[in-house]
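Just so you know, these numbers use all the heavy atoms, side chains as well, and skip hydrogens, waters and symmetry mates. Note that this is a predicted model, so its numbers are computed, not measured.
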There are 2 protein chains.
Amino acid sequence: MSRPAKAAGKGRKLSNFLCFAVYSANLAFGRAYKPLLDKVGLTYTQYIAMVALSDEDEQTVSALGEKLFLESNTLTPILKKLEQMGYIRRHRDPDDERQVLLSLTSAGRKLIEQDLGEAVIEATGLGDEFPAVQKTVSRLRDNLLRNTKPR
Amino acid sequence: MSRPAKAAGKGRKLSNFLCFAVYSANLAFGRAYKPLLDKVGLTYTQYIAMVALSDEDEQTVSALGEKLFLESNTLTPILKKLEQMGYIRRHRDPDDERQVLLSLTSAGRKLIEQDLGEAVIEATGLGDEFPAVQKTVSRLRDNLLRNTKPR
DNA sequence: TGTATTTAGATCGTATCCGATTTAATCGGA
DNA sequence: TCCGATTAAATCGGATACGATCTAAATACA
């Protein structure tokens with residue numbers, strides 16, 4: 001759970017755990033987005049996948065997975081749902097039939113471009129700190145992934 | 001997804017989204033703890049629940065839920081599993097049969113006291129920044145929850 | 001060429017999250 | 001006192017995460 005080495009003894013309180021702060025902040029983000037995403041019929045993860053797909057067309061499932069830190073076991077069902085909703089296209093690469101290429105449809109791109117979540121920036125209450133916090137948390141993530149055995 | 005207002009236009013990149021940083025940092029924490037928790041047969045969420053329960057004995061499910069930002073629909077199955085594993089006790093409050101009171105068993109307390117996750121602190125690579133980051137992320141969470149309709 | 005190996009997705013089972021509903025116990029007002 | 005409203009857990013269904021396994025396609029190399 002990772003807490004500061006100093007806060008020993010009786011200080012084993014939940015609030016001292018950085019991993020809990022991140023865990024609960026993630027839940028809080030999900031709830032902040034919920035009302036916005038309900039309007040377009042997407043879940044939080046589906047939306048994150050759409051944003052990642054908006055980076056470029058014809059990404060493979062693996063490439064998307066590297067961006068999201070997820071694998072095909074999690075992504076395949078999500079991608080099939082998004083395809084079924086008409087927001088993305090999935091088709092096998094003719095040059096390598098093992099790979100599936102992903103692209104947003106025009107409907108999908110339109111949805112991403114209306115830029116939901118602008119309102120959530122306000123709700124973070126971070127003001128000018130916003131970019132610094134974003135960088136710090138990203139660095140934390142990268143450190144953890146680097147210092148953890150790949151499996 | 002909340003990104004800085006400045007990064008408009010083509011800057012709709014995943015890396016600009018704070019919510020994604022938090023989402024992926026949470027996944028990274030789960031993976032960092034995985035090898036440690038596998039040894040004691042706990043999942044990440046189960047361990048977080050145990051830490052929260054170590055705060056005090058005879059907490060209700062609701063009280064625990066407030067700490068974890070979860071409700072009985074999520075907690076009940078987890079608590080039953082922990083009870084079955086012998087780490088906690090669950091019993092109805094005689095004074096109000098609607099409530100279930102929760103306590104760590106001695107086995108559960110012993111597990112928490114061996115202080116897993118000391119190693120994960122190192123893996124965060126935050127050094128002296130650790131307490132500041134913990135506070136900032138907690139504040140972010142609290143802001144989001146406060147600025148989001150309770151449902 | 002032929003077969004072992006590797007690779008990309010997909011599938012399956014388990015464990016969260018969470019909205020909605022249900023059940024049982026308690027409370028409250030006429 | 002009696003019955004409707006409230007409350008605490010539990011249950012149910014849908015959607016992630018993720019380890020393990022499977023299948024099919026591509027690659028390696030003897």
Residues at least two apart in sequence or cross-chain that pass salt bridge (charged side-chain N to carboxylate O under 4.0 Å, His left out) with A:E97, listed by chain then number, are none
Find the partner of C:dA25: check Watson-Crick (N1-N3 plus N6-O4 or O6-N4) and G-U wobble (N1-O2, O6-N3) distances, both under 3.5 Å, and reply none if neither fits. D:dT6
Measure from NE2 on A:H91 to C1' on C:dA8 and round the result to the nearest Å. 15 Å
For nucleotides 10-16 of chain C, print each protein N/O atom paired with a nucleotide N/O atom at under 3.5 Å, atom names and distance only.
from: C:dA10; atom 1: OP1; to: A:R90; atom 2: NH2; distance (Å): 2.6
from: C:dA10; atom 1: OP2; to: A:T76; atom 2: OG1; distance (Å): 2.6
from: C:dA10; atom 1: N7; to: A:S72; atom 2: OG; distance (Å): 2.8
from: C:dT11; atom 1: OP2; to: A:K80; atom 2: NZ; distance (Å): 2.7
from: C:dA15; atom 1: OP1; to: B:K81; atom 2: NZ; distance (Å): 2.7
from: C:dT16; atom 1: OP1; to: B:T43; atom 2: OG1; distance (Å): 2.6
from: C:dT16; atom 1: OP2; to: B:Q46; atom 2: NE2; distance (Å): 2.9
from: C:dT16; atom 1: O3'; to: B:T45; atom 2: OG1; distance (Å): 3.1

B:E66-B:S62 side chain donor-acceptor pair, cut-off 3.5 Å: no
Hey, are B:R141 and A:S24 close enough side-chain-wise for a donor-acceptor pair under 3.5 Å? yes
Rounded to whole Å, please give me the gap between CG in A:D38 and C1' in C:dA20. 13 Å
Using modelled atom types and a 3.5 Å cut-off, is there a donor and acceptor pairing between side-chain atoms of B:T124 and backbone atoms of B:I121? yes
A:Y87, A:L101: one ILVMFWY side-chain cluster at the under-4.5 Å cut-off? no
Sub-3.5 Å donor-acceptor pair from the side chain of A:Q59 to the main-chain atoms of A:A52, do we have one? yes
Rounded to whole Å, how long is the line connecting atom CD of B:E66 with atom P of D:dT7? 13 Å
Between P on D:dA8 and CD on B:Q59, what's the gap in Å once rounded to a whole number? 15 Å
Parallel under 30°, tilted from 30 to 60°, perpendicular over 60°: which one fits the rings of A:F69 and B:F20? parallel
Check the distance between C:dC17's C1' and A:R31's CZ and give it to me in whole angstrom. 9 Å
Ignoring hydrogens and geometry, is there a side-chain-to-backbone donor-acceptor pair from A:T76 to A:N73 under 3.5 Å? no
Atom-to-atom span, CD1 of A:I48 to P of D:dA17 - whole angstrom: 8 Å
Using a cutoff of under 3.5 Å, can you pull out all pairs of nitrogen or oxygen atoms linking the protein to nucleotides 21-28 of chain D, with atom names and distances?
from: D:dA26; atom 1: OP1; to: A:E97; atom 2: N; distance (Å): 3.0

Whole-Å gap separating P (D:dA10) and CG (B:L70): 14 Å
Nearest-angstrom distance from the residue atom CD of A:E58 to P of C:dA8: 17 Å
